[in-house]
Amino acid sequence: MAAAAEATEPRRRLDLSVYLVTDTRLSGPRGVAEVAAAAARGGVTIVQLRDPDATTRELIAAAGALQAVLAPHGVPLVINDRVDVALAVGADGVHLGDRDMPAATARNLLGPGRIVGVTVHDAAEAQAVDIAIADYAGIGPVFTTTTKVGARPAIGVDGFRALRRLVPLPAVGIGGIDAARTADVIAAGADGVAVVSAICAAPDPEAAARAIAAAVAEGRAR
Ligand code: 3NM
(Lines give C-alpha, C1' and ligand atoms only; values in the text may rest on other atoms or scores of the structure.)
Protein backbone atom coordinates (compact mmCIF):
# COMPACT_ATOMS: atom_id res chain seq x y z
CA MET A 1 0.00 0.00 0.00
CA ALA A 2 1.85 3.03 -1.27
CA ALA A 3 -0.18 5.50 0.79
CA ALA A 4 0.53 3.69 4.05
CA ALA A 5 4.21 3.35 3.18
CA GLU A 6 4.39 7.08 2.52
CA ALA A 7 2.61 7.81 5.77
CA THR A 8 5.25 5.92 7.73
CA GLU A 9 8.06 8.05 6.21
CA PRO A 10 9.03 10.60 8.86
CA ARG A 11 9.17 14.19 7.70
CA ARG A 12 12.69 14.35 8.99
CA ARG A 13 15.25 11.74 9.78
CA LEU A 14 14.19 10.35 13.09
CA ASP A 15 16.04 7.62 14.94
CA LEU A 16 13.83 6.49 17.80
CA SER A 17 15.92 3.41 18.67
CA VAL A 18 16.91 4.42 22.21
CA TYR A 19 14.67 7.22 23.45
CA LEU A 20 15.57 8.75 26.82
CA VAL A 21 12.91 10.63 28.77
CA THR A 22 14.58 12.69 31.48
CA ASP A 23 13.58 12.63 35.15
CA THR A 24 15.00 15.22 37.51
CA ARG A 25 14.32 13.27 40.71
CA LEU A 26 15.72 9.95 39.45
CA SER A 27 18.82 11.67 38.04
CA GLY A 28 19.66 12.90 41.56
CA PRO A 29 22.69 15.07 42.18
CA ARG A 30 24.14 14.15 38.78
CA GLY A 31 21.48 16.29 37.08
CA VAL A 32 19.64 15.48 33.87
CA ALA A 33 22.31 16.96 31.56
CA GLU A 34 25.05 14.77 33.02
CA VAL A 35 22.83 11.68 32.76
CA ALA A 36 21.87 12.58 29.18
CA ALA A 37 25.50 13.19 28.20
CA ALA A 38 26.47 9.76 29.50
CA ALA A 39 23.45 8.19 27.81
CA ALA A 40 24.39 9.86 24.50
CA ARG A 41 27.86 8.34 24.75
CA GLY A 42 26.15 5.00 25.29
CA GLY A 43 23.99 5.30 22.18
CA VAL A 44 20.79 7.17 23.06
CA THR A 45 19.33 8.48 19.79
CA ILE A 46 16.74 11.04 21.01
CA VAL A 47 16.04 12.77 24.34
CA GLN A 48 12.83 14.21 25.74
CA LEU A 49 12.98 16.80 28.50
CA ARG A 50 10.13 15.92 30.85
CA ASP A 51 9.66 17.65 34.19
CA PRO A 52 6.02 18.33 35.05
CA ASP A 53 7.05 20.03 38.33
CA ALA A 54 9.58 22.50 36.91
CA THR A 55 8.96 26.19 36.44
CA THR A 56 9.18 27.66 32.95
CA ARG A 57 12.48 29.24 33.90
CA GLU A 58 13.86 25.92 35.13
CA LEU A 59 12.72 24.17 31.95
CA ILE A 60 14.44 26.71 29.73
CA ALA A 61 17.68 26.33 31.70
CA ALA A 62 17.45 22.53 31.62
CA ALA A 63 16.74 22.53 27.88
CA GLY A 64 19.78 24.71 27.21
CA ALA A 65 22.01 22.43 29.29
CA LEU A 66 20.68 19.39 27.42
CA GLN A 67 21.21 21.00 24.01
CA ALA A 68 24.83 21.75 24.94
CA VAL A 69 25.59 18.11 25.74
CA LEU A 70 23.47 16.52 23.00
CA ALA A 71 24.47 18.68 20.02
CA PRO A 72 27.99 17.19 19.75
CA HIS A 73 26.37 13.75 19.41
CA GLY A 74 23.75 14.94 16.90
CA VAL A 75 21.04 13.74 19.30
CA PRO A 76 17.77 15.70 18.97
CA LEU A 77 15.97 17.19 21.96
CA VAL A 78 12.19 17.32 22.25
CA ILE A 79 10.29 19.05 25.03
CA ASN A 80 7.39 17.38 26.82
CA ASP A 81 4.16 19.36 26.67
CA ARG A 82 5.68 22.85 26.40
CA VAL A 83 5.57 24.16 22.84
CA ASP A 84 6.49 27.61 24.13
CA VAL A 85 9.68 26.28 25.71
CA ALA A 86 10.55 24.35 22.53
CA LEU A 87 10.18 27.54 20.49
CA ALA A 88 12.06 29.64 23.05
CA VAL A 89 15.15 27.41 23.03
CA GLY A 90 14.96 26.24 19.40
CA ALA A 91 14.49 22.61 20.40
CA ASP A 92 14.02 19.93 17.74
CA GLY A 93 10.39 19.37 18.69
CA VAL A 94 7.80 18.46 21.28
CA HIS A 95 6.10 15.44 22.75
CA LEU A 96 2.41 15.85 23.51
CA GLY A 97 0.13 13.87 25.81
CA ASP A 98 -3.65 13.81 25.87
CA ARG A 99 -3.88 16.83 28.19
CA ASP A 100 -1.41 18.92 26.19
CA MET A 101 -1.84 21.17 23.18
CA PRO A 102 -3.43 19.32 20.23
CA ALA A 103 -0.81 18.13 17.73
CA ALA A 104 -2.32 20.20 14.90
CA THR A 105 -2.07 23.38 16.97
CA ALA A 106 1.52 22.58 17.91
CA ARG A 107 2.38 21.86 14.27
CA ASN A 108 0.99 25.25 13.26
CA LEU A 109 3.20 26.97 15.81
CA LEU A 110 6.33 24.90 15.15
CA GLY A 111 6.21 24.61 11.36
CA PRO A 112 6.96 21.53 9.27
CA GLY A 113 10.62 21.01 10.17
CA ARG A 114 10.25 20.08 13.81
CA ILE A 115 9.35 16.83 15.52
CA VAL A 116 5.85 16.36 16.93
CA GLY A 117 5.35 13.19 18.97
CA VAL A 118 2.10 12.05 20.53
CA THR A 119 1.17 9.61 23.28
CA VAL A 120 -1.22 6.72 22.62
CA HIS A 121 -2.77 4.68 25.45
CA ASP A 122 -5.72 2.95 23.80
CA ALA A 123 -7.42 2.20 20.49
CA ALA A 124 -9.45 5.43 20.50
CA GLU A 125 -6.29 7.50 20.90
CA ALA A 126 -4.52 5.39 18.26
CA GLN A 127 -7.28 6.04 15.76
CA ALA A 128 -7.34 9.74 16.60
CA VAL A 129 -3.66 10.25 15.67
CA ASP A 130 -3.39 12.50 12.63
CA ILE A 131 -0.62 10.81 10.68
CA ALA A 132 -0.29 13.86 8.44
CA ILE A 133 0.69 15.90 11.50
CA ALA A 134 2.49 13.70 14.03
CA ASP A 135 5.95 12.28 13.36
CA TYR A 136 5.83 9.40 15.81
CA ALA A 137 3.78 7.84 18.58
CA GLY A 138 4.76 6.74 22.07
CA ILE A 139 2.57 3.78 23.02
CA GLY A 140 2.15 2.52 26.58
CA PRO A 141 2.53 1.84 29.34
CA VAL A 142 3.74 -1.50 28.02
CA PHE A 143 4.69 -2.70 31.52
CA THR A 144 3.76 -1.41 34.95
CA THR A 145 5.61 1.78 35.80
CA THR A 146 5.93 3.75 39.00
CA THR A 147 7.74 6.63 37.30
CA LYS A 148 4.71 8.47 35.90
CA VAL A 149 2.15 9.76 38.38
CA GLY A 150 -1.28 8.53 37.28
CA ALA A 151 0.03 6.11 34.64
CA ARG A 152 -2.60 3.86 33.06
CA PRO A 153 -2.62 0.09 33.61
CA ALA A 154 -0.01 -1.81 31.60
CA ILE A 155 -1.09 -3.01 28.14
CA GLY A 156 1.57 -5.72 27.84
CA VAL A 157 3.57 -6.67 24.77
CA ASP A 158 0.47 -8.05 23.01
CA GLY A 159 -1.45 -4.86 23.75
CA PHE A 160 1.45 -2.86 22.37
CA ARG A 161 1.51 -4.94 19.19
CA ALA A 162 -2.23 -4.39 18.67
CA LEU A 163 -2.12 -0.62 19.21
CA ARG A 164 1.03 -0.25 17.17
CA ARG A 165 -0.75 -1.75 14.14
CA LEU A 166 -3.39 0.99 14.39
CA VAL A 167 -0.81 3.79 14.09
CA PRO A 168 0.98 3.91 10.72
CA LEU A 169 3.80 6.07 12.07
CA PRO A 170 7.15 5.28 13.66
CA ALA A 171 6.40 4.19 17.24
CA VAL A 172 8.17 3.56 20.53
CA GLY A 173 6.98 1.54 23.49
CA ILE A 174 7.13 3.23 26.89
CA GLY A 175 6.54 2.15 30.46
CA GLY A 176 8.59 -0.25 32.58
CA ILE A 177 11.02 -1.04 29.77
CA ASP A 178 14.61 -1.97 30.55
CA ALA A 179 17.35 -3.75 28.60
CA ALA A 180 15.93 -7.17 29.46
CA ARG A 181 12.50 -6.29 28.05
CA THR A 182 13.61 -4.25 25.06
CA ALA A 183 13.98 -6.99 22.43
CA ASP A 184 10.41 -8.23 23.05
CA VAL A 185 9.00 -4.72 22.48
CA ILE A 186 11.06 -4.27 19.30
CA ALA A 187 9.95 -7.69 18.05
CA ALA A 188 6.34 -6.56 18.66
CA GLY A 189 6.80 -3.79 16.10
CA ALA A 190 8.44 -0.91 17.96
CA ASP A 191 10.97 1.28 16.16
CA GLY A 192 12.57 1.95 19.51
CA VAL A 193 12.02 1.99 23.25
CA ALA A 194 11.44 5.01 25.46
CA VAL A 195 12.84 4.69 28.96
CA VAL A 196 13.05 6.79 32.08
CA SER A 197 14.21 4.81 35.12
CA ALA A 198 16.26 2.23 33.16
CA ILE A 199 18.70 5.03 32.34
CA CYS A 200 18.02 7.89 34.82
CA ALA A 201 18.14 5.63 37.89
CA ALA A 202 21.03 3.50 36.61
CA PRO A 203 24.34 3.82 38.46
CA ASP A 204 26.03 3.93 35.03
CA PRO A 205 23.68 5.58 32.49
CA GLU A 206 26.19 5.12 29.67
CA ALA A 207 26.33 1.37 30.21
CA ALA A 208 22.55 1.23 30.59
CA ALA A 209 22.04 3.02 27.27
CA ARG A 210 24.57 0.74 25.59
CA ALA A 211 22.78 -2.37 26.87
CA ILE A 212 19.42 -1.08 25.60
CA ALA A 213 20.93 -0.23 22.19
CA ALA A 214 22.30 -3.77 21.96
CA ALA A 215 18.90 -5.19 22.89
CA VAL A 216 17.23 -3.06 20.17
CA ALA A 217 19.61 -4.59 17.63
CA GLU A 218 18.83 -8.06 19.02
CA GLY A 219 15.09 -7.46 18.75
CA ARG A 220 15.43 -6.32 15.13
CA ALA A 221 17.40 -9.44 14.26
CA ARG A 222 14.63 -11.76 15.52
N1 3NM B 1 4.66 8.07 29.97
P2 3NM B 1 9.81 4.13 33.17
S3 3NM B 1 4.72 5.79 31.08
C4 3NM B 1 6.63 9.27 30.91
O5 3NM B 1 2.25 5.52 29.40
C6 3NM B 1 5.76 8.09 30.78
O7 3NM B 1 2.28 7.56 28.68
C8 3NM B 1 4.00 6.90 30.04
O9 3NM B 1 8.97 5.44 32.94
C10 3NM B 1 2.76 6.63 29.33
O11 3NM B 1 10.62 3.89 31.94
C12 3NM B 1 5.95 6.89 31.46
O13 3NM B 1 10.69 4.46 34.35
C14 3NM B 1 7.05 6.62 32.43
O15 3NM B 1 8.85 3.03 33.49
C16 3NM B 1 7.98 5.53 31.98
Side-chain angles (χ1 to χ4, degrees), residues 16-28 30 32 35-36 39 42-54 59 62 66 77-82 93-101 103 115-126 128-129 134 136-164 166-167 169-186 188 190-205 207-209 211-213 215-216 219:
L16 298 171
S17 304
V18 187
Y19 185 137
L20 169 64
V21 182
T22 66
D23 186 293
T24 306
R25 189 180 52 85
L26 291 177
S27 299
R30 302 175 293 191
V32 295
V35 167
V44 153
T45 59
I46 179 167
V47 173
Q48 178 191 137
L49 170 59
R50 179 177 185 273
D51 190 344
D53 300 324
L59 280 177
L66 284 168
L77 175 69
V78 300
I79 311 292
N80 183 272
D81 175 11
R82 296 291 300 271
V94 293
H95 183 88
L96 303 169
D98 57 357
R99 299 163 66 98
D100 302 336
M101 186 182 288
I115 302 165
V116 174
V118 295
T119 297
V120 166
H121 296 116
D122 54 34
E125 287 182 6
V129 174
Y136 76 89
I139 302 175
V142 183
F143 304 102
T144 300
T145 178
T146 53
T147 303
K148 183 179 182 176
V149 178
R152 311 265 187 110
I155 58 175
V157 172
D158 290 339
F160 173 84
R161 186 184 288 107
L163 286 185
R164 199 266 166 276
L166 299 177
V167 187
L169 284 177
V172 293
I174 185 165
I177 300 174
D178 59 11
R181 288 169 155 172
T182 289
D184 287 345
V185 181
I186 297 295
D191 297 282
V193 290
V195 304
V196 185
S197 52
I199 289 179
C200 293
D204 183 344
I212 294 166
V216 168

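Both ligands and their constituent atoms are indexed starting at 1 by order of listing. Nothing here was measured: the structure is a model prediction, and the numbers come from that model.
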Using a strict cut-off of less than 4.0 Å between a Lys/Arg side-chain nitrogen and an Asp/Glu carboxylate oxygen, indicate whether Asp122 and Arg152 qualify as a salt bridge.
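Yes.
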Output yes when Arg82 and Asp51 qualify as a salt bridge under the 4.0 Å nitrogen-oxygen rule, no when they do not.
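Salt bridge: no.
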Qualifying residue, where the test is side-chain contact (heavy atoms from CB on, under 4.5 Å) with Ser17 and the options are Val193, Ile186, Thr45, Val172
Thr45
Residue from Asn80, Asp100, Thr119 passing side chain to side chain donor-acceptor pair (under 3.5 Å) with His95
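Of Asn80, Asp100, Thr119, side chain to side chain donor-acceptor pair (under 3.5 Å) with His95 is met by Thr119 alone.
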Take Val35 and Ile199 through the side chain to side chain contact (heavy atoms under 4.5 Å, CB included) test and state the conclusion after the steps.
CA-CA 8 Å; Val35 167; Ile199 289 179; 4.1 Å; yes
Between the protein and ligand 1, are there any N or O atom pairs that come within less than 3.5 Å of each other, and if so, what are their names and distances?
from     : atom 1 : to     : atom 2 : distance (Å)
ligand 1 : 5 (O)  : Pro141 : N      : 3.2
ligand 1 : 7 (O)  : His121 : NE2    : 3.0
ligand 1 : 7 (O)  : Lys148 : NZ     : 3.2
ligand 1 : 9 (O)  : Thr145 : OG1    : 3.4
ligand 1 : 11 (O) : Val196 : N      : 2.9
ligand 1 : 13 (O) : Thr147 : OG1    : 2.5
ligand 1 : 13 (O) : Ser197 : N      : 2.9
ligand 1 : 13 (O) : Ser197 : OG     : 2.6
ligand 1 : 15 (O) : Thr145 : OG1    : 2.6
ligand 1 : 15 (O) : Gly176 : N      : 2.7

Please report the C-alpha distance between Thr145 and Phe143 in whole Å, then the side-chain angles of each, then the deciding distance to 0.1 Å, and finally whether the side chain to side chain contact (heavy atoms under 4.5 Å, CB included) criterion is met.
CA-CA 6 Å; Thr145 178; Phe143 304 102; over 6 Å; no
